[in-house]
Protein chains: 2
Amino acid sequence: MVQGRELIKGSADPLLLYLISQQPMYGYHIIKELERKSDGYFKFKEGTLYPALHRLEKAGLIQGGWQILQGGRQRKYYHITDKGSSILEEKRNQWQEFLVAMNLVLRPMNT
Amino acid sequence: MVQGRELIKGSADPLLLYLISQQPMYGYHIIKELERKSDGYFKFKEGTLYPALHRLEKAGLIQGGWQILQGGRQRKYYHITDKGSSILEEKRNQWQEFLVAMNLVLRPMNT
DNA sequence: CATTATACATAGCATAACTATATATCAATT
DNA sequence: AATTGATATATAGTTATGCTATGTATAATG
């Protein structure tokens, strides 16, 4: 039972979880990858992404670790946790169910 | 340029606008129709629907009018406005673009 | 007579996403 | 040498949607 926006409210989460599930990634890279893969559609701002990553980490779905580059530059690589993997699976299913429901309403297949 | 939830944040609006564009409808009926058409998926609560209708009316996308039934019962029928129709068209396009973007990211068709 | 369905409404809360800003390093250009 | 733009992370504060809970009132059902 999901109403209106409740599910999609966190539509960013599946995207982030999916990307990180493919390979450990850091924030800036995620922004660039989302834009590249979506053909320029997604342009996550820092104010959206970093809080989202912190939220996912706090929820135990991803785990971050600092990596120091030469010169003192810092990156925080996130990898997905077991919990994150199962939640991702769940969210993908919910996303599909949501799409089905939207199509049922928006496409006049039924009366 | 749409990021994350920005577009889908108002995913209820297209649903409501679409239903009302098909025929003038009142709130309670909309709730029931959304549930029926979506095969039980959408279960809008009053606290979501009525404020949404008021919001859409205030924005000039729909227009409500009271209808008095026998016995003094009241219904507020909403019909879509010209502005609402064009916004609906717009939102439908945006929804399609969003779906494409989601699929591009979530389906590993690209590198 | 009591409960359920119909019908609308709003105050208040939670939270995701956005705006704006801050810090710091590195590479390239002027 | 200095400036710009790209790289890289962070957070405070705002907005707005959807949710919870509650209130009102009539009609139909048992």
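FYI, side chains are in, hydrogens and waters are out, and symmetry mates aren't considered; it's all heavy atoms of this structure. In what follows, chains are A, B, ... by sequence order, proteins preceding strands, each numbered from 1. Keep in mind that what you see is a predicted model, and the values were worked out from it rather than measured.
- Nucleotide D:dT7 holds its C1' atom 12 Å from the OH atom of A:Y77, rounded to whole Å.
- The distance between atom CZ of B:F44 and atom P of C:dC8, rounded to the nearest whole Å, is 15 Å.
- In this entry the distance linking CE of B:M25 with P of C:dT6 reads 13 Å, nearest Å.
- Atom P of nucleotide C:dA24 and atom OH of A:Y26 are separated by 21 Å, given to the nearest angstrom.
- Considering only the side chain of A:K76, D:dA10 comes nearest among C:dA16, D:dA10, D:dA8.
- Atom C1' of nucleotide C:dC8 and atom CD1 of B:I62 are separated by 14 Å, given to the nearest angstrom.
- Under a 3.5 Å cut-off, the side chain of B:T81 and the backbone N or O of B:G60 do form a donor-acceptor pair.
- With a 6.0 Å radius and a threshold of 12 heavy atoms from other residues, nucleotides or ligands, A:N93 has its CG atom above the threshold.
- Looking at the side chain of A:Y28, the nearest of the listed nucleotides D:dA8, D:dC19, C:dC8 is D:dA8.
- Computed from coordinates, the A:L49 CG to C:dT19 P distance equals 15 Å when rounded to whole Å.
- Comparing B:K32 and A:A52, the nucleotide of DNA chain C nearest to each residue sits closer to the 5' end for B:K32.
- For the pair B:L16/B:L49, a side-chain contact is recorded, criterion being any heavy-atom separation below 4.5 Å from C-beta on.
- Comparing C:dA7, C:dC18, D:dA10 by their nearest atom to the side chain of A:T48 picks out C:dC18.
- The phosphate of C:dC8 (OP1 or OP2) has no side-chain N or O of B:R75 nearer than 4.0 angstrom.
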Side chain to side chain contact (heavy atoms under 4.5 Å, CB included) between B:L99 and A:L99, worked out: CA-CA 9 Å; B:L99 287 188; A:L99 286 188; 3.4 Å; yes
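- Within the 4.5 Å cutoff, the side chain of B:F44 has heavy atoms near those of the B:L15 side chain.
- Atom CG in A:L53 sits about 10 Å away from atom C1' in D:dT9, given to the nearest Å.
- The phosphate of D:dT9 (OP1 or OP2) has a side-chain N or O of A:Y50 nearer than 4.0 angstrom.
- Considering only the side chain of A:R73, C:dT25 comes nearest among C:dC18, C:dT25, C:dC8.
- Remark: A:K45 is not in phosphate contact with C:dA17, judged by side-chain N or O atoms under 4.0 Å from OP1 or OP2.
- Between B:L34 atom CG and D:dG18 atom P there is a gap of 12 Å when expressed in whole angstrom units.
- Closest approach to the B:Y78 side chain among D:dT9, C:dA9, C:dA17 is made by C:dA9 (side chain taken as heavy atoms from C-beta onward).
- Looking at the side chain of A:H54, the nearest of the listed nucleotides D:dT11, C:dA9, C:dC18 is D:dT11.
- Across all strands, B:G47 comes closer than 4.0 Å to base atoms (heavy-atom distances).
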